[in-house]
Student: 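Please read through the structure below; I'll follow up with questions.
Each ligand, and each atom within it, is numbered from 1 in the order the structure gives.
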Amino acid sequence: MPLTPAIESGDRSHGATAIESVAQLSTILEDTDPTLDPALGRLARQAAAEGIVLLRNDDAVLPLDGRTVAVFGRTQLDWFAVGYGSGGDVKVPYVWNLVAGLRDAGVTVDSEVADLYAAWCAENPAELTGTWGQWPHHFPEMPLDPAVAASAATRADTAVVVIGRAAGEARESILEPGSYYLAEEERTLLDAVTAAFARTVVVLDVGNVMDLSWLADYGDRITGLLAAWQGGMEGARAVAAVLSGETPASGKLTDTIARSYADYPSAANFGDPDANTYVEDIFVGYRYFETFAPERVLFPFGFGLGYTTFALTTQAHEVDGILRLTIDVRNAGTRAGAETVQVYVAAPGVMLSQPSRRLAAYRKTAVLQPGESERVQVSIAMDDLASYDDAGATGHRSAWVLEAGDYAFFVGTDVRSATAETTVTIPDVRVVRQVTEAAAPVLPFERMTLTRDTDGTARVATAPVPTATVDLRERILQQLPAALPVPAAPLTLDAVAAGEATLDEFVAQLTAAELADIARGDITMHSPLGAAGNAGVLGGVSESLRAKGVRPVTTTDGPSGIRLSAYASLLPSGTALASTWNPVLVRELTALHAQEMIRKGSDVLLSPGMNIHRDPLCGRNFEYFSEDPLVTGWTAAAVVQGIQSQGVAACPKHFAANNQETNRTRNDSRVSERALREIYLRGFEICVREAQPLAIMMSYNQINGVWAHYHHDLVTTILRGEWGYTGCVMTDWWMEEAVDPLFPALENSAYRVRAQVDVLMPGGVKTDAGPQSYADDSIAQSLARPDGLTLGELQRGARNVLGLVLALTPVIDART
Ligand code: BGC
């Protein structure tokens with residue numbers, strides 16, 4: 001039972017037809033009650049626990065099974081529950097720390113060491129001050145006297161050392177001690193503890209992958225290692241549950257952990273403020289490492305230990321292009337556990353360079369008792385494994401193609417150890433979908449391809465990237481929509497909701513000024529039209545629109561919780577959720593989260609964050625899921641389905657190729673069309689096709705020289721044209737001013753509306769002096785110019801926005 005009905009109901013009902021006054025809508029009271037739904041807390045804890053990845057467990061040091069522990073490292077108290085910025089800035093009433101969590105789980109914690117840290121942390125508080133984007137990557141560590149560790153080892157069997165890191169929005173992880181690297185005091189701490197204890201377990205409370213090369217310096221002195229990610233308010237308790245054995249370890253890596261930063265294929269082309277060339281092309285993460293540099297991997301993609309072992313038996317048969325795998329998963333060990341079965345494919349790679357393995361499907365079992373089995377069924381459509389030929393190498397340029405040849409399938413529990421199980425042969429090259437060139441690079445560069453030595457060894461080669469050939473101006477002109485015929489009688493949106501009129505009829509009778517209002521939010525964040533502390537409101541942003549029944553729609557961040565002035569739950573970060581490899585659980589969690597949205601007054605959660613972990617330093621990686629687009633797409637689809645099952649909306653972001661925070665509003669992601677479609681857009685495509693998010697947020701950056709929020713090809717050609725998306729597309733908060741180079745009569749919002757980026761959020765103009773509290777008139781100006789924006793385009797955008805308003809109206813009405 002939810003404990004807090006956060007939204008006061010009163011006389012604010014705006015009736016079934018028209019909304020009468022702003023005052024009615026701006027009175028959602030500030031919620032000062034810190035009580036949360038305990039059921040959401042329980043699920044959050046379970047998800048955080050399932051996302052914890054056990055990377056090392058020598059001599060079965062875990063679970064603790066009643067052994068006493070001494071806990072070192074200040075992060076045991078100053079726990080990083082989430083990363084920084086909009087993605088984690090939730091007013092959360094409580095956050096568990098590890099010592100409290102361990103005690104709560106019944107683990108005996110050495111109190112001398114715990115007291116020492118408590119006293120030191122009280123004297124040296126973790127300062128979270130710092131201006132936006134200047135937050136600490138870690139908190140300075142307590143200098144540990146080796147004698148303290150030695151004496152603790154006489155009282156406790158096992159040492160737990162916690163290392164904490166955070167990064168965030170406008171705050172990359174950096175190649176320095178205390179961020180990507182171990183800090184000097186952490187090294188001293190590990191030296192002292194591993195010298196004193198026979199068993200040391202290291203817990204990484206981190207949002208990003210960090211350097212782990214130091215593991216080699218300690219050899220078998222470090223017996224256990226856990227990547228806990230940032231699990232939200234219940235995260236430390238989840239770690240305690242896994243350490244104690246109350247919950248079996250079952251998380252799997254959604255990224256490769258390499259031996260050193262320089263090993264990552266993006267390393268030389270990350271962080272430039274102006275432009276980053278994605279030379280690694282499709283060879284992102286494990287696609288690169290497993291193909292070209294397996295020896296540079298410390299922990300492979302998909303890897304994660306449990307407290308038991310599993311035996312897998314696979315049967316396969318293929319009919320009409322569908323491969324069906326039946327995998328019996330038997331718990332062959334002596335403890336309970338859950339396993340994630342992973343299926344990888346190796347495509348022929350004769351005409352198109354291909355990675356040696358690529359994730360094709362995965363399923364997680366329930367928790368199985370020793371001896372128990374589960375039969376996992378996996379269906380893979382061969383068509384879903386097609387590659388995008390941007391160069392015409394297969395004879396089919398701008399098409400999704402299955403090359404002729406043998407497709408080998410591997411089944412296992414991580415990318416490296418999966419074993420060959422079956423092969424499907426495609427006799428002739430098969431065009432799965434012919435599309436059109438879109439968003440291709442303008443500037444030439446060399447991209448990574450694969451060549452083979454005579455003995456078959458894969459080697460990195462390069463080839464010129466195909467550059468754009470399309471006449472975009474012509475493409476746009478051919479697709480301009482006609483203006484809608486105006487209906488005779490005035491209509492309200494409620495008539496559309498009641499099925500008495502069509503949305504087109506409603507849109508047709510709106511004035512140009514009303515249409516321009518629909519194309520922007522209510523100017524500022526914290527709009528008076530929504531719950532206190534909202535990120536912005538869209539839809540019914542003017543009196544005249546509200547008089548026609550257009551409800552104001554409240555957006556809130558996202559992803560890890562509802563960011564409002566009110567208290568709200570802080571859930572596991574994106575990486576933690578994805579590391580569960582359990583979309584069913586994610587769906588359950590986000591459905592419950594959506595009920596909190598309804599109680600708190602949020603209509604659209606600005607979530608999930610879905611950018612690819614291209615590089616381990618990207619500040620917002622904690623919000624995102626994986627280096628792999630399938631894990632990204634499936635996890636995102638689960639988030640969207642969960643949220644939208646309750647009648648509110650999700651808003652996947654940031655579309656697309658927002659892979660770094662450095663100069664994020666200006667830098668250009670230069671990427672081949674193939675890599676864009678197969679890696680950076682693929683997760684969004686899966687999410688759109690499987691879960692139909694009601695809204696999508698663009699990214700700040702440019703893609704091949706065009707800002708995402710002006711990108712016609714990205715939004716109109718691909719998202720809407722190819723994927724059939726009909727929802728509402730909004731900018732990330734504010735946008736860069738620009739004149740359309742192809743149509744100089746369009747600037748700023750007019751340029752954006754032509755691309756079908758429907759709403760500027762939060763709505764005001766951003767000038768060089770920063771965000772302003774007024775809207776620009778670029779739409780009105782452009783409508784009046786020859787070769788300017790057309791009424792039909794403005795109406796088309798309004799239809800996209802009003803579809804969202806209509807979908808949300810029942811929830812908004814029920815709330816008020
Ligand atoms: C972030 C978005 C966020 C928005 C609203 C932007 O700076 O990039 O992810 O949803 O602010 O807070």
Student: Mind checking salt bridge (Lys or Arg N to Asp or Glu O under 4.0 Å) for Arg799 and listing every partner two or more places apart, or none if nothing turns up?
Tutor: Asp504
Student: List the protein residues in contact with ligand 1, where contact means a heavy-atom separation under 4.0 angstrom.
Tutor: Ser86, Glu169, Met525, Asp557, Arg563, Leu606, Arg620, Lys653, His654, Arg664, Met697, Tyr700, Asp732, Trp733
Student: When Glu736 is tested against each of Gln702, His709, Lys766 for side-chain hydrogen bond (donor to acceptor under 3.5 Å, both in side chains), which residue passes?
Tutor: Lys766
Student: Can you say whether the rings of Tyr261 and Tyr264 are parallel (under 30°), tilted (30 to 60°) or perpendicular (over 60°)?
Tutor: tilted
Student: We want to know whether Asn748 and Ser778 form a side-chain donor-acceptor pair, criterion being a heavy-atom distance below 3.5 angstrom.
Tutor: no
Student: Any donor-acceptor pair under 3.5 Å linking the side-chain atoms of Ser179 with those of Arg171?
Tutor: no
Student: For Lys653, is there an ion pair with Asp557 - N to carboxylate O distance below 4.0 angstrom?
Tutor: yes
